[in-house]
Amino acid sequence: MSGTSTETAAINSISKEEMDKRFDPAGYEQVWQRRWAEKGYFKAEAPSAKPSYCIMIPPPNVTGKLHVGHALQSSIQDLLTRWRRMQGFNALWLPGTDHAGIATQLMVERQLATEGTSRRELGRELFLDRMWQWTEQYHGNIREQLDLLGASCDWTRERFTLDAGLSRAVREAFVRLYREGLITRGEYMVNWSPKLGTAVSDLEVEAKTVQGKLYYVAYAVEGSDERIVVATTRPETMVGDTAVALHPEDERYTHLHGKAAVLPLVGRRLPFVADTAVDRELGTGLVKITPFHDPNDFEMGKRHDLPGITVIGLDGRMTAEAGPGFAGLDRFEAREKIVERLRDEGYLIKIEPHTHNVGHSQRSGEPIEPIVSTQWFCDVRSMADQALAVVRDGRVRLIPDSWDKTWEHWLTTIKPWCISRQLWWGHQIPAWYTEDGRCIVAHSLEEAIAEAGTDRLTQDPDVLDTWFSSGLWPFSTLGWPDDTQDLRTFYPTDVLVTAFDIIFFWVARMVMDGLHFMGDVPFRAVHLTGLVRDAEGQKMSKTKGNVMDPTELISEYGADALRFTLASLDSPGRDIPLNRDQIAGYRAFGNKLWNATRFALSRIPAEARVRETIDPEGLAAPERWILSRLSRVAAEVDARFETFRFDEACNRLYHFFWGDFCDWYIELSKPALSGEAPRPRVGDVLLTVLDRALRLLHPVMPFLTEELWQRLPGHEAIHSETICLAPYPRREEGWEDDVAEAGMEALTQVVTRVRALRTEMGLPPKAKLDLHLNAADSGTGRLLQEQSALIQFLTR
RNA sequence: AGGCCCAUAGCUCAGUUGGUUAGAGCGCUACGUUGACAUCGUAGAGGUCAGCGGUUCAAGUCCGCUUGGGCCUACCA
């Protein structure tokens, strides 16, 4: 509690002291963040008489560090939450973190390696202890960083995907899907990552175009002198061949039907099989079939009832089945060795360069090995159909909707999802095996024992894919499977804000799970943001060294400037080039807010106050005009927030404040405030417009607006404690005044024209001139006449 | 191989359902500092809206093609 006394001093200083000429975000940002938290302004209610508004944070990696992409998404989520909260909604932004299975386990494994040990050496239990230690050590970082950004999360509802409640939800979901027959265990071909030692899903495989080789190998035809030639990119798999395929209508090879080839080096008999999947144009039109090491061959093997042989093991090395001379070799060494033997024995016809796509492990970067193994699968077909339906009928809106087609394509072609991982960090699969090999799926060991009739059970060692638990996030975080008050209050949630790159990993699965388990969509809209890039539009990456750290940007420019920048760059369907000049520009905007407030506070009459509302009756044209403009901007900003056009909303706020308010209204108020040319209620109007402008800006720039708003005399009339809970300004139709706007338009044009003439004629800015105006019509003439003092003031 | 997106000022981008003279920020030029703000003010320069064709009274905007970028999906040995 060492910081308490200084904090109190800082809080006391707010709104009392003379304002500095320059604003300093570091001086108040975290003071306010702490105070808001202490006051509990962001705690949502359940139940509540107010309408609910809910956003679930896309949970970042619990041990991770927030990057600018997180800063972007968090800024948008906070903007929406603060906006709705001010509008009187019972707003919940639920924070939390993800255990991020492979990623986090790898970090700890790397650390163990530096200590000269490994997870295998430690054993599962000790290793998991280390994982939890690691998790606890870094867990606070995410909150710290969100606090720096000004996030208005409800931390009393924070969740972690591995906490007790969410783990229970995971087991419940697994058991239900198993009992519905949608989760099954079986031996299939999976994407295997030898380095990671685990199966991964199709999504975790990245196709990379590589320069490979196409090897042409001669196979003898059984019972004849004929030799046929097959082409392959992976000669090392040939020792696992069990057939040779040809196209049924390929006239070159009709004589081979019913015959067999002989596998070089091994001597195995390989029947010819006819299959239309064979491409006659490619290679020689004859394909070697290795059912256990190629996804196509696996399918073909099933169609023709071919046996499979596992010649590459889970460690990426050749098995004993590969035969003497190859067993134990790494798969790529084996390739060289086998090609060498083929050449030596005269089977190698030729080698051609060949460009093709090879699946690589997204996480480890190595080529994926298609391997047959026993895994758990989730058949998502029926769930996918439901997810298709809700996007088609608009119950879930993707924003921008250009993603609809991608959604459609992926979900219509979706295949069973391999959900088991050979890792330790994650939700262990709730399946137990009896000694006689029965498999019991249950919520708990106790339930499994009861069902099995024995306590001699072994739990399946595998854990679930991280995304299995993430898919449940919108309702597991609210207490599901129990029927909780939170669940009833906040589900379905309103908006999901996330980057497009996890639309399949996560968004689609939440929609499927939400519909399946809750019978309703998890959110009504998905705002998909672009990728944050550097100033040159390059992807940020550690290797390029162009990564921008949000924490550092905040300390340099302030959180409000970063937030404003990110929000104003968030145009639909576009990536976001972030450059420091722009952030600096919005920091200058902050300075503008600061100094406009400073001006108002130093010049208004003592009795001036922020008013809840103002009757324009009896006000002069400049006052009528600024109130009219304010009303229109409030309406526009509201409409833009509704449609997720944060860029346009920010733009309008920026131009209203800097252009209308500072460049014109403040200038116009000067002669009135100084007493040279008094006008009615100028002080009240100035403060009231400032109050509303700050409130309009609050969702984007929470810290500065609070800091300034607290200083406005009479702000308590709007809310007794904080701008965070003050009402969001709406349109005031009674303020909208076409006559005043037209009149001011004429005035500003006159002023601008005079200034331009002065420059064109090379007249010194201070030289006083005579100005004669001829109005085109009497109305304008009268107005300009009325405002002649102002015109003189602005044009000298 | 399919699909999606993009091309507008020196740079990064807006530009709604087609409708006056295409906008902003940064950068640039000139001038300006004792009274909110130099993180500023005033004025200004700068665009064949990638190219070609079409629809229309009217196209940056709609349609087709071309070129040049980017991304996603995909089992071609």
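Excluded from the calculations below are hydrogen atoms, water molecules and symmetry mates; all remaining heavy atoms, backbone and side chain alike, are included.
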For [X] against [Y], the heavy-atom pair lying closest together:
| X | Y | result |
| --- | --- | --- |
| A:Ala567 | A:Leu79 | CB-CD1, 4.1 Å |
| A:Arg303 | A:Ala277 | NH2-CB, 3.7 Å |
| A:Ala559 | A:Ile554 | N-CG2, 3.8 Å |
| A:Glu369 | A:His293 | OE2-ND1, 4.1 Å |

Atom [atom1] of [X] and atom [atom2] of [N]: how far apart are they, to the nearest Å?
| X | N | atom1 | atom2 | answer |
| --- | --- | --- | --- | --- |
| A:Met701 | B:U39 | CE | P | 17 Å |
| A:Ile289 | B:A77 | CD1 | P | 13 Å |
| A:Asp401 | B:U17 | CG | P | 11 Å |
| A:Asp20 | B:C37 | CG | P | 12 Å |
| A:Asp575 | B:C72 | CG | C1' | 12 Å |
| A:Ile399 | B:C4 | CD1 | C1' | 18 Å |
| A:Leu569 | B:C13 | CG | C1' | 8 Å |
| A:Arg533 | B:G70 | CZ | C1' | 7 Å |

[X] side chain: which of [options] is closest?
| X | options | value |
| --- | --- | --- |
| A:Ser402 | B:C37, B:C5, B:C71 | B:C5 |
| A:His655 | B:A24, B:C75, B:U16 | B:A24 |
| A:Lys405 | B:U73, B:G3, B:A43 | B:G3 |
| A:His409 | B:C75, B:C26, B:U73 | B:U73 |
| A:Ala588 | B:G15, B:C72, B:C40 | B:C40 |
| A:Thr406 | B:C72, B:A77, B:C37 | B:C72 |
| A:Pro577 | B:U42, B:C75, B:U12 | B:U12 |
| A:Asn591 | B:A24, B:C37, B:A77 | B:C37 |
| A:Arg587 | B:G15, B:A77, B:U39 | B:U39 |
| A:Asp663 | B:U42, B:C37, B:C72 | B:U42 |

Per side-chain contact (heavy atoms from CB on, under 4.5 Å), A:Ser568 is matched among A:Tyr586, A:Phe589, A:Phe646, A:Tyr654 by A:Tyr586
My understanding is that only one of A:Thr237, A:Val217, A:Leu270 makes a side-chain contact (heavy atoms from CB on, under 4.5 Å) with A:Lys288; could you say which?
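Single pass found, and it is A:Thr237.
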Could you go through A:His304 and A:Asp275, starting from their C-alpha distance and side-chain angles, then the distance that decides it, and tell me whether this counts as side-chain hydrogen bond (donor to acceptor under 3.5 Å, both in side chains)?
CA-CA 9 Å; A:His304 299 281; A:Asp275 198 295; 2.6 Å; yes
Does [X] make a side-chain N or O approach to OP1 or OP2 of [N] shorter than 4.0 Å?
| X | N | value |
| --- | --- | --- |
| A:Lys21 | B:U39 | no |
| A:Lys592 | B:C37 | no |
| A:His356 | B:A77 | yes |

What contact category does [X] fall into here, base, sugar-phosphate, or nothing, at under 4.0 angstrom with non-hydrogen atoms?
| X | result |
| --- | --- |
| A:Arg234 | nothing |
| A:Asp279 | base |
| A:Glu636 | nothing |
| A:Thr752 | sugar-phosphate |
| A:Asn357 | base |
| A:Ser602 | nothing |
| A:Val278 | base |
| A:Pro295 | nothing |
| A:Trp658 | sugar-phosphate |
| A:Arg598 | sugar-phosphate |
| A:Arg755 | sugar-phosphate |
| A:Lys288 | nothing |

Would you measure the distance from the [atom1] atom in [N] across to the matching atom in [M] and give it in whole Å?
| N | M | atom1 | result |
| --- | --- | --- | --- |
| B:A22 | B:A45 | P | 13 Å |
| B:C63 | B:G25 | P | 31 Å |
| B:U12 | B:G69 | P | 16 Å |
| B:G19 | B:U61 | P | 10 Å |
| B:A59 | B:G15 | C1' | 14 Å |
| B:C13 | B:U42 | P | 28 Å |
| B:U66 | B:C72 | P | 24 Å |
| B:G41 | B:U33 | C1' | 10 Å |

Under 3.5 Å on both distances, the Watson-Crick or G-U partner of [N]:
| N | answer |
| --- | --- |
| B:C76 | none |
| B:G64 | B:C52 |
| B:G10 | B:C26 |
| B:U39 | none |
| B:A59 | none |

Under 6.0 Å from the ring centre and within 45 degrees of the ring axis: does the NZ or CZ of A:Lys670 meet both conditions for the six-membered ring of A:Phe599?
yes
Between A:Thr284 and A:Asn579, whichever has its closest RNA chain B nucleotide further toward 5' is A:Asn579
Here's a test of your reading of the structure: between A:Trp664 and A:Glu648, which maps to the more 5' nucleotide of RNA chain B?
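First, find each residue's nearest nucleotide; the 5'-ward one identifies A:Glu648.
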Close aromatic pair by centroid cut-off 6.0 Å: A:Phe377 and A:Trp417:
no
Note: A:Glu636-A:Arg731 ion pair, threshold 4.0 Å (strictly below)
no
